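This report concerns only the one structure given below.
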Amino acid sequence: MISDLKEVVLTPDLSAVVIKADAISGERRTAVELAITTELAAKVAVALLATTAEARAARDALEPALQVLAAAFVPSGRADKVRLHLLFQQGVVLPIEMDLDAAKHLSKGIPKG
């Protein structure tokens, strides 16, 4: 399980996102580096967040693998797209670009705060 997110960077050729983190297995903590192709990065992020939410619901004492500190919609530079920026610890931002219609539907389910 990922316990502490250290860094998220793009490879020089922009083909993958590299995630550097600490993982815990039992009592053992290990530094890990995961490379995710850029076209799968958004799907992997959503899957990690969903898995964390399910695990937390099952075991309240479990700390989340990734905890979103803030979320915001920002322009993407295209009229038909918008970006959802998720802010994680240490200032890491995951930008997720989506169709404007999808963002409108998603925004209805996000609490205003």
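As the structure is a prediction and not an experimental result, all values here were calculated from the model.
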Give a yes or no on whether Leu69 and Leu84 share a hydrophobic cluster (residues Ile, Leu, Val, Met, Phe, Trp, Tyr; joining criterion: side-chain heavy atoms under 4.5 Å apart).
-> no

Leu10, Val8: one ILVMFWY side-chain cluster at the under-4.5 Å cut-off?
-> yes

Specify the closest pair of heavy atoms between Ala79 and Leu100, including all atoms of both residues, with the distance to one decimal.
-> O-CD2, 3.9 Å

Quick one: does Lys81's side chain get under 4.5 Å of Asp99's, heavy atoms only?
-> yes

Are Leu87 and Val9 connected in the hydrophobic side-chain network, where two residues link if heavy atoms are under 4.5 Å apart?
-> no

Same apolar cluster: Val93 and Val82, side chain cutoff 4.5 Å | no

Looking only at heavy atoms, what is the nearest atom pair of Val68 and Ala70, with distance?
-> CG1-O, 3.2 Å

Which is it for Leu94 and His85 under the side-chain contact (heavy atoms from CB on, under 4.5 Å) test, yes or no, and what are the steps along the way?
-> CA-CA 6 Å; Leu94 174 64; His85 282 194; over 6 Å; no

Leu14-Val92 co-clustered via ILVMFWY side chain contacts under 4.5 Å = yes

With sequence neighbours left out, the residues meeting salt bridge (charged side-chain N to carboxylate O under 4.0 Å, His left out) with Lys6 are Asp4, Asp22

